[in-house]
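To start, the structure under review is shown below, and the notes come after it.
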Amino acid sequence: MKAIVLISGGLDSILAAKIIKNQGIKVIPLKFNIPFYQINIDKYCGKNLFDFVKANLGEELKIADIDKEFLGLLLEPRHGFGTHMNPCIDCKILMFTKAKALMPKLGAQFIVTGEVLGQRPMSQHKRALCVIEEQSGLKGLLLRPLSAKNLNPTIPENRGWVNRDNLLCISGRSRRDQIKLARDLSISGYPNASGGCLLTDRQFSLRLNDLIRHRELNLRNIELLKFGRHFRIGPQTKLIVGRNEKENRYLEEKVKSGDLLFTPEEKVAGPTCLGVGVFDKEKITLSSRIACSYSDLCAGELRVAYRIIPDRKNKYLNASLVKKDSLAGLLV
Ligand code: SF4
C-alpha cells in the first residue's frame, strides 16, 4: 500500500506522513513548486527541505512544478482570495488534482495532507475541506491524519488500509499538539512558523497586484518582486533598487537584454538599480536620481553610470538627490 503525502515545507505535513508511515504504508513525499515560496535554508536548522524530509521520513522528496498553471489562478480564482493575494482553495484544488493524476504512475492508492481543521480561516474550515476534496476529484481518497477523527471516515479507513484509532482529532490554530507530537515522533529540525508562501504577505501582495494591473504577470517579474525596493515610474516601467550587497549582486545577475542597470560612481557607496520596461530620457534621469537618493551622498550631485543590456559600455549622468518623501507615491 502506498500514499502520496503532499509536503508543504512546514511541520504538519511531515507529522501526517509519519503517522501514516508508522501504520506500515509506504509514503511518497511530493511537493508542488509555485513561484511564491520563500525557502530559507536556515529554517531547517541548516538543512534544506530535501534533507529534512529524508532525515525524518527516510524517503526522497519529489518535486513537481505547477508555476504556469498557478499564474492563471491569480487572474481569476474561482473561490476568491484570502486576506491578501492567496487563492488558497483554488491552489489546493490545483495541487490535489495534479497529485491525483500522479497516483497511477506512482502506484499510490490515496493522498495524505497535513491539513488541520480550523487552522486557517479560508481553506481549512469544514466546508472548504469538503469543497477541496470534491473539486479535486478525490472524494474519499484524501486523508488528513491530524484531523481525521473530526472528519468523515475515508476509503483508506473504511477499508482497513489505515487504522482510524491511530489517527488524530487536532483542530484550531494552536500548534501545541503538533509540537508535542513532533517530540513523541522524534521529528527534529522543523521550521518554527508554517507557511512561507509570499501570497499571504501584505507587502508582497501589493507588489503582485501592481504587476497584474499593469499586465506584467510572468515568472521573471514575480522572481524580481522578492528583492529590493520597487518603484513604478511609468505604466510600462519599473526601477528596482537593491537594499544591500546581496540584493545588488542578485539584480546584476538577473539582468536581461533591454534592461537598464544603474550604479552610482564608485567613490560613493550606493545601490545597484535594475530598470525594467520602457525607458526614455526622462525616466533615465529619474532612475539616476533615485539611485543617487539611496546612495551615501548627503547633498549635491552624483555621477551615475548606466548601461542598456547587453551594452558593456557605461553612459554617465549627473544626478541630484530626490527627497525620499516625494518618492513615496512611486514605491510599490
Ligand atoms: S498559502 Fe499559498 S501555497 Fe498555501 S494554499 Fe494558500 S496560496 Fe497555496
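What you see below is based on every heavy atom in this structure, not just the backbone, and it leaves out hydrogens, waters and symmetry mates. For ligands, and for the atoms within them, numbers begin at 1 and follow the listed sequence.
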To the nearest 0.5 Å, atom CZ of Phe36 lies from atom CG of Leu198 at 8.0 Å
Under 6.0 Å from the ring centre and within 45 degrees of the ring axis: does the NZ or CZ of Lys324 meet both conditions for the six-membered ring of Tyr294?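 The answer is yes, since Lys324 meets both limits relative to Tyr294.
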Geometric cation-pi criterion Lys31 and Tyr37, 6.0 Å radius, 45° cone: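 Yes, Lys31 sits over the ring of Tyr37.
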Between Lys238 and Asp259, is there a salt bridge with N-O shorter than 4.0 Å? no
Inspect the contact between Glu157 and Lys149 and indicate whether a charged nitrogen and a carboxylate oxygen are less than 4.0 angstrom apart. no
Can you label the angle between the Phe279 ring and the Phe262 ring as parallel, tilted or perpendicular, going by 30° and 60°? tilted
Protein N, O or S atoms lying under 2.8 Å from atom 2 (Fe) of ligand 1, listed by chain and number: Cys197 SG
Are any of the protein's heavy atoms under 4.0 angstrom from atom 2 (Fe) of ligand 1, yes or no?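 Yes, there is a protein heavy atom closer to it than 4.0 Å.
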